[in-house]
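Here is how names work: the chains are called A, B, and so on, in the same order as the sequence lines, proteins then strands, and each is numbered from 1.
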Number of protein chains: 2
Amino acid sequence: MNYSVSEENYIKNIYHLQQQTETVTTNSLANELRTKPASVTDMLKKLQTKNLLEYKRYRGFKLNESGNKIALNIVRRHRLWEFFLVDKLGFEWDKVHEIAEELEHVSSVELIKRLDSFLNFPQTDPHGDPIPDTNGKFAVIKQVSIAEAAAKKTVVVSSVSDQSPGMLEMLNHYHIGIGTSLKINKHFTFDGSVEIKVSQKAACVISEQLAKNIFVHHE
Amino acid sequence: MNYSVSEENYIKNIYHLQQQTETVTTNSLANELRTKPASVTDMLKKLQTKNLLEYKRYRGFKLNESGNKIALNIVRRHRLWEFFLVDKLGFEWDKVHEIAEELEHVSSVELIKRLDSFLNFPQTDPHGDPIPDTNGKFAVIKQVSIAEAAAKKTVVVSSVSDQSPGMLEMLNHYHIGIGTSLKINKHFTFDGSVEIKVSQKAACVISEQLAKNIFVHHE
DNA sequence: AACTTTTTTTAGATTTGCCTAAACCTTAAT
DNA sequence: ATTAAGGTTTAGGCAAATCTAAAAAAAGTT
């Protein structure tokens, strides 16, 4: 079956909200989509008719099995395009989200198959988020923010949860990117800042706010 | 200014029809867009309001200066994406039109700029049609179909006007592609067929229909 | 438990792009 | 010049996706 751009956007955003809360509310989705709650209710009915949702009036909603599958497919397309934009076209990763938002709705299955292969089957997008495979499966890496990571360990940056230009500027300044390995030296309890050491460079201290937005994993 | 997918499709198709006839008719456009004449009239009014058309009721219409500029930009996007699909993703050229139809509406200017550079500023799409530059300019190559080309001359294939799978099959069979050079040996008046010689291979005879759809230029 | 606040839904409009059917022009033919 | 035929436009509607305003349900407060 084929879905409209609007339907796909609703599905995708329900999926993303579900990563934080099991069931999603009308208001939060309206907020995410920059639309009005009444519009959300309308679309929910439609998606329920198409059997993509579990939805009870006034009680919130969540994607069912097939809704989830479709969402993962959209996420797959989005992340593959983001990878393409950064890796092949040389975009900075804070610029690609909007463009991928449009590209993700191009419907050809063959296109995505070939794009995946052209990109050499990447596992994560430029922000470190995993790219689901054709069946919606992806490896879940156990990761923690630098703020929570144990001291004295060497870890690898796996993703960043903020994709603003300001964030990019900071990461460039500290020479940190996805895949960079660094050592957590010390957590300062006073302000939550963390001393880290990136590769051969001198140790430096990053703010709590930054530490909370950089996720790392072991080895 | 920004245009809807629908508006862009109208503009593009008016442009294409104008290549054959100076002014376009409601019916022919409706036919091209697989829509109804009444719908075309509706959209014409809208495009006229937006100052992209010269249009007099019952009298046909054509793009004005700015309409033309927009059309050429859409054509540029379409052809760049076609080039990408064939050159980078390995699609056969009879499969790319539909996909490029969707991709061409992605609106980022920066995207197209970078795509162009990534593809190394191609001059023509996979069917040999010229890719307009940012200002809508492109080199016009004087070309004739093999059916009309003078005998005893060596020519270079510059484009094909039919993009069906059947056409592709024939071209592959004769080892003909865009850029292939071949010699026109003889025109048979009886059935319009033409004897040609492709590179080092044995001379062969192609039908009038095929000859009419392959365009060539000198040197 | 009753009232207030917040959230969600319904009802009714609006816009865009499309449709059918009917009216309207233009052209070509007698 | 009239008429027939064809193409074009208007009128009126429909579906998708949105909105505002009002009603209904749930949650929070005293």
Indicate yes or no for a side-chain donor-acceptor contact from [X] to the backbone of [Y] under 3.5 Å, with no hydrogens or angles considered.
{"X": "B:E148", "Y": "B:S145", "result": "yes"}
{"X": "A:Q48", "Y": "A:Y55", "result": "yes"}
{"X": "A:Q19", "Y": "A:Y15", "result": "yes"}
{"X": "A:T49", "Y": "A:K45", "result": "yes"}

Regarding B:T35, tell me which of base, sugar-phosphate or nothing describes its non-hydrogen contacts under 4.0 Å with the strands shown.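 The residue B:T35 makes sugar-phosphate contact but no base contact.
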
Between residues 49-59 of chain A and DNA chain D, which residues have a heavy-atom gap below 4.0 Å?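 Contacting residues: A:Y58, A:R59.
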
Could you check which residues of residues 7-26 of chain A get a heavy atom under 4.0 Å from DNA chain D? Sort them by number, please.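 Output list: A:Y10.
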
Evaluate the side chain to side chain donor-acceptor pair (under 3.5 Å) criterion for residues A:S161 and A:N213: first the C-alpha distance (whole Å), next the side-chain angles of each, then the deciding distance (0.1 Å), finally the verdict. CA-CA 5 Å; A:S161 58; A:N213 281 289; 2.8 Å; yes

Got a sec, which residues hit salt bridge (charged side-chain N to carboxylate O under 4.0 Å, His left out) with A:D94, two or more places apart in sequence or on another chain?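 So A:D94 forms no salt bridge (charged side-chain N to carboxylate O under 4.0 Å, His left out) with any residue.
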
It should be established whether [X] places a side-chain nitrogen or oxygen under 4.0 Å from OP1 or OP2 of nucleotide [N].
{"X": "B:N27", "N": "D:dT8", "answer": "yes"}
{"X": "B:S4", "N": "C:dT16", "answer": "no"}
{"X": "B:T41", "N": "D:dT10", "answer": "no"}

Measure the distance from [atom1] on [X] to [atom2] on [N] and round it to the nearest whole Å.
{"X": "A:N31", "N": "C:dT8", "atom1": "CG", "atom2": "C1'", "answer": "15 Å"}
{"X": "B:M43", "N": "D:dT9", "atom1": "CE", "atom2": "C1'", "answer": "16 Å"}
{"X": "A:Q48", "N": "C:dT9", "atom1": "CD", "atom2": "C1'", "answer": "13 Å"}
{"X": "B:Y3", "N": "C:dT16", "atom1": "OH", "atom2": "C1'", "answer": "17 Å"}
{"X": "B:K45", "N": "D:dT9", "atom1": "NZ", "atom2": "P", "answer": "8 Å"}
{"X": "B:L29", "N": "D:dT8", "atom1": "CG", "atom2": "P", "answer": "10 Å"}

Counting side-chain heavy atoms from CB outward, which of C:dT10, D:dT20, D:dT9 is closest to A:K36?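 Within the option list, the nearest is D:dT20.
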
Nucleotide of D:dG7, C:dT9, C:dC19 approaching B:S39 most closely (side-chain heavy atoms):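 Nearest to the side-chain atoms of B:S39, counting from C-beta on, is C:dC19.
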
I need the A:N68 CG to A:N73 CG distance, nearest 0.5 Å.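 Answer rounded to 0.5 Å: 11.5 Å.
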
Decide yes or no on side chain to side chain donor-acceptor pair (under 3.5 Å) for A:D125 and A:H78, but give the supporting numbers first. CA-CA 9 Å; A:D125 76 11; A:H78 182 96; over 6 Å; no

If you measure from the Lys or Arg side-chain nitrogens to the Asp or Glu carboxylate oxygens, is any gap between A:E82 and A:R77 under 4.0 Å?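 No salt bridge links A:E82 with A:R77.
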
Are A:I112 and A:L80 close enough that some pair of their side-chain heavy atoms sits under 4.5 Å apart?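 With C-beta onward as the side chain, the pair touches.
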
All N/O contacts under 3.5 Å from nucleotides 11-13 of chain D to the protein, with atom names and distances to one decimal?
none

Please name all residues satisfying ring-ring contact (aromatic ring centres under 6.0 Å, His included) with A:H16, sequence neighbours left out, ordered by chain then number.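 ring-ring contact (aromatic ring centres under 6.0 Å, His included) list for A:H16, sorted by chain: empty.
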
Mind jotting down which residue pairs meet the ring pair (Phe, Tyr, Trp, His ring centres under 6.0 Å) criterion with at least one end in residues 114-135 of chain A? Sequence neighbours excluded, please.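 Ring pair (Phe, Tyr, Trp, His ring centres under 6.0 Å) check on residues 114-135 of chain A returns A:W93-A:H127.
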
